[in-house]
A.B. asks: 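Below is a structure I'd like to ask you about.
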Amino acid sequence: MAGLQSSSRPSSSSSLSSSSSSSSSQQVFTSRLLLLLTLLPLTLAFFAFVLQWRGGLTDPVTRWSPDPFQFPGMDNPGSNVGSDRRSGSDCVDLLGRSKSPAFPYFKDWKFDVGSDLNPKICIISSTSAGLEQTLPWIFYHKVIGVSTFFLFVEGKAASPNVSKVLESIPGVKVIYRTKELEEQQAKSRIWNETWLASFFYKPCNYELFVKQSLNMEMSIVMARDAGMDWIIHLDTDELIHPVGAREYSLRQLLAGVPGNVDMVVFPNYESSVERDDVKEPFTEVSMFKKNYDHLPKDVYFGNYKESTRGNPNYFLTYGNGKSAARIQDHLRPNGAHRWHNYMKTPNEIKLDEAAVLHYTYPKFSDLTSRRDRCGCKPTKEDVKRCFMLEFDRAVIIQGLRDSGLFGSVIQSAQTTLSKEIKSSNTSRVDKPGMISSRKIGVKETTATARRILEIPNETSYESAIPPLSPPILDGLHIGI
């Protein structure tokens with residue numbers, strides 16, 4: 001019995017030791033699990049704090065989307081957005097609070113403007129628009145492949161708060177209309193050519209047309225220096241619509257253009273505004289009239305009366321599109337809608353699908369501002385001096401008469417006022433001894449002006465292409 005008892009003790013001791021070891025390992029496992037469960041949320045919380053402190057993940061959606069509660073381009077880093085949103089009476093310009101204007105369409109995601117992607121495309125525009133129009137316009141064209149913008153700014157666009165934001169955007173070159181710029185453009189070769197002469201020394205739209213051409217000429221040099229392949233003149237109420245390529249890309253579209261083509265024409269579509277409370281045309285207006293070039297003739301003329309709805313034309317404004325030119329020697333503008341070449345006739349193609357979306361007068365203020373900036377009197381003769389298109393002439397006359405602002409002017413106006421500048425396509429100087437300073441910023445003698453316009457026949461060119469209306473229905477006579 002004693003032997004049996006002595007032999008059973010080690011067995012019992014071994015069993016107790018095994019049980020103790022198992023219990024100990026289980027306790028260690030449990031404690032480690034609890035430690036892990038404790039550290040895991042703490043680690044995640046710390047990681048979330050770091051991400052928030054650094055500005056978040058590189059999420060394309062958050063970086064490309066503007067702040068829905070603030071005006072595009074006017075967010076103020078470091079300011080309390082919520083307090084600005086709650087304080088509706090605080091009308092202080094948000095840009096004044098920031099020393100480093102931000103462009104929220106980019107967030108901190110910068111487009112690689114110096115990339116090796118080809119072809120390199122630039123847009124030139126003469127604008128007086130504010131940020132609410134210019135910023136989405138720039139962003140859209142950057143997305144479809146435009147790398148560089150030459151913005152000739154005046155008016156609101158040249159104000160410190162607006163231009164400060166524009167200059168902060170990569171790839172945007174802002175050119176101000178200074179005295180130095182006007183003096184430089186006064187020496188332009190354009191003044192020695194006849195192709196733009198019929199637009200010289202006339203007010204309003206004609207003056208703008210000449211100014212755009214001078215800006216386009218200067219932008220050709222800047223585009224060449226920047227290594228651009230294509231240049232496009234576009235207004236800030238127009239968007240290129242690059243359909244026809246494999247992707248929605250202007251770069252890819254122009255990359256497929258044969259090398260012997262010098263100019264690509266984009267027919268324009270005109271917006272059909274369905275509401276009178278449009279605030280952001282690029283996102284709120286989605287219906288457009290197609291251009292004559294993109295419609296069968298029977299469809300165009302068959303629906304002409306229904307589509308015009310009493311307006312004097314199928315389009316309210318121009319219908320001859322805009323164009324892109326390949327950067328090359330002797331390139332020159334040919335008005336705001338086309339390009340040309342001093343040494344040859346450009347090889348031109350017109351695209352079957354791609355177009356320019358023209359957001360024409362989406363807001364009533366667009367129309368009234370167009371009327372007010374010219375200072376024209378509401379008479380047929382005076383309005384013809386100011387505007388090229390029939391719709392502009394008709395609506396300006398009606399608008400001025402309805403407003404009553406110029407009633408006294410009409411009564412006191414003398415008939416000689418309408419004869420100061422001939423409405424035909426002939427060029428002459430408005431006042432003896434002076435070329436309009438609004439055009440070139442300097443004064444010249446009548447002899448100098450005449451010498452400029454006396455160009456030998458062998459150097460003359462066809463007149464620059466103005467904004468043209470689409471084809472009209474036979475038998476429909478437009479008049480004002």
Side-chain angles (χ1 to χ4, degrees), residues 121-129 133-134 137 141 146 149-155 157 175 177 181 185 188-191 193-223 230-240 262-270 291 315-325 327 331-341 346 348 350 355-361 366 370 373-374 386-392 425 438-440 461-470:
I121 307 165
C122 67
I123 286 179
I124 175 259
S125 183
S126 305
T127 181
S128 59
Q133 179 171 319
T134 310
W137 178 82
H141 287 105
V146 177
F149 297 80
F150 301 116
L151 301 184
F152 290 79
V153 296
E154 295 184 64
I175 303 98
R177 189 146 200 90
L181 176 67
Q185 290 186 341
S188 167
R189 175 177 177 174
I190 284 179
W191 297 102
E193 302 290 341
T194 58
W195 53 269
L196 197 62
S198 60
F199 300 90
F200 291 162
Y201 325 123
K202 296 180 181 180
C204 201
N205 275 21
Y206 295 91
E207 177 183 348
L208 175 62
F209 195 76
V210 173
K211 191 181 296 182
Q212 287 175 329
S213 299
L214 291 168
N215 293 344
M216 290 167 70
E217 181 191 49
M218 183 173 288
S219 67
I220 293 173
V221 179
M222 293 189 291
W230 290 89
I231 186 170
I232 305 171
H233 175 259
L234 213 61
D235 296 326
T236 51
D237 62 350
E238 299 169 329
L239 301 178
I240 294 289
D262 303 306
M263 183 169 64
V264 175
V265 177
F266 295 82
N268 63 295
Y269 294 179
E270 187 174 86
N291 193 284
F315 280 172
L316 301 183
T317 57
Y318 74 92
N320 54 325
K322 291 293 180 72
S323 59
I327 301 294
L331 179 66
R332 70 164 173 86
N334 198 32
H337 297 259
R338 294 291 187 272
W339 304 86
H340 211 281
N341 193 293
E348 169 188 322
K350 188 172 291 184
V356 168
L357 303 181
H358 186 197
Y359 292 77
T360 308
Y361 303 138
D366 296 333
R370 187 179 183 89
R373 73 186 179 199
C374 289
C386 293
F387 299 97
M388 300 182 191
L389 297 172
E390 295 294 341
F391 175 81
D392 286 339
N425 287 337
R438 294 180 303 167
K439 309 298 187 300
I440 57 177
Y461 300 93
E462 293 183 3
S463 180
I465 298 177
L468 301 175
S469 297

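Source: prediction; values computed, not measured.
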A.B. asks: Could you grab the distance from atom NZ of K322 to atom CG of L234, nearest 0.5 Å is fine?
C.D. replies: 5.5 Å
A.B. asks: Would you name the heavy atoms of S125 and D235 that are closest together and state the gap between them?
C.D. replies: OG-CA, 3.9 Å
A.B. asks: Are Y359 and W137 close enough that their ring centers fall under 6.0 Å?
C.D. replies: no
A.B. asks: Does the E270 side chain pair with the main chain of T360, one donor and one acceptor, at a distance under 3.5 Å?
C.D. replies: no
A.B. asks: Supply the atom-to-atom distance M263 CE to L331 CG, rounded to the nearest 0.5 angstrom.
C.D. replies: 9.5 Å
A.B. asks: When you measure from the side chain of W339 to the backbone N and O of I327, does any donor-acceptor pair fall under 3.5 Å?
C.D. replies: no
A.B. asks: What I'd like to find out is whether the side chain of L181 reaches to under 4.5 Å of the side chain of I175, using heavy atoms alone.
C.D. replies: yes
A.B. asks: Between F315 and N291, is a side-chain contact (heavy atoms from CB on, under 4.5 Å) present by the stated rule, with each step listed?
C.D. replies: CA-CA 9 Å; F315 280 172; N291 193 284; 3.9 Å; yes
A.B. asks: Closest heavy-atom contact between S219 and F152?
C.D. replies: CB-CE1, 4.3 Å
A.B. asks: Kindly determine whether N215 and Q185 satisfy side-chain contact (heavy atoms from CB on, under 4.5 Å), including the steps that lead there.
C.D. replies: CA-CA 8 Å; N215 293 344; Q185 290 186 341; 2.9 Å; yes
A.B. asks: Give, for atom CZ of F199 and atom CG of L208, the distance between the pair rounded to the nearest 0.5 Å.
C.D. replies: 11.5 Å
A.B. asks: I'd like to check E348 versus D262 (side-chain heavy atoms, cut-off strictly below 4.5 Å). Are they in contact?
C.D. replies: no
A.B. asks: Nearest heavy-atom pair of L468 and N320: which atoms, and what distance?
C.D. replies: N-OD1, 3.0 Å
A.B. asks: CD1 of I231 to CZ of F150: how many Å apart, nearest 0.5 Å?
C.D. replies: 6.5 Å
A.B. asks: Grab the two heavy atoms, one from N268 and one from G319, that are nearest each other, plus how far apart they are.
C.D. replies: OD1-C, 3.1 Å
A.B. asks: Drop me the distance from E154's CD to K211's NZ, to the nearest 0.5 angstrom.
C.D. replies: 4.0 Å
A.B. asks: So which heavy atom on F266 is nearest to which on I240, and how close?
C.D. replies: CE2-CG2, 4.1 Å
A.B. asks: Of all the heavy-atom pairs spanning S213 and I190, show the shortest one and how long it is.
C.D. replies: O-CD1, 3.7 Å
A.B. asks: Taking the side chain as every heavy atom from C-beta outward, state whether H337 and V265 have any atom pair closer than 4.5 Å.
C.D. replies: no
A.B. asks: For residues T236 and Q133, is any side-chain donor paired with an opposing acceptor at under 3.5 Å?
C.D. replies: yes
A.B. asks: State, with a plain yes or no, whether a side-chain heavy atom of L196 is found less than 4.5 Å away from one of P333.
C.D. replies: no
A.B. asks: Measure the shortest side-chain to side-chain distance between E238 and I123 over non-hydrogen atoms and say whether it is less than 4.5 angstrom.
C.D. replies: no
A.B. asks: Using the side-chain contact (heavy atoms from CB on, under 4.5 Å) rule, take I232 and I124 through it: C-alpha gap first, then chi angles, then the decisive distance, then the call.
C.D. replies: CA-CA 6 Å; I232 305 171; I124 175 259; over 6 Å; no
A.B. asks: Evaluate V210 against Y201 for side-chain contact (heavy atoms from CB on, under 4.5 Å), listing each step before the verdict.
C.D. replies: CA-CA 9 Å; V210 173; Y201 325 123; over 6 Å; no
A.B. asks: Begin from the C-alpha positions of E193 and R332 and carry the test salt bridge (Lys or Arg N to Asp or Glu O under 4.0 Å) through to its verdict.
C.D. replies: CA-CA 11 Å; E193 302 290 341; R332 70 164 173 86; over 6 Å; no
A.B. asks: Find the distance between OG (S323) and NZ (K350) and round it off to the nearest 0.5 Å.
C.D. replies: 10.5 Å
A.B. asks: Where the side chain of Q212 meets the backbone of S126, is there a donor-acceptor pair that is under 3.5 Å apart?
C.D. replies: no
A.B. asks: Within the 4.5 Å heavy-atom criterion, are W195 and H340 side-chain neighbours or not?
C.D. replies: no
A.B. asks: Suppose we call two aromatic rings close when their centres sit under 6.0 Å apart. Are Y318 and H358 close by that rule?
C.D. replies: yes
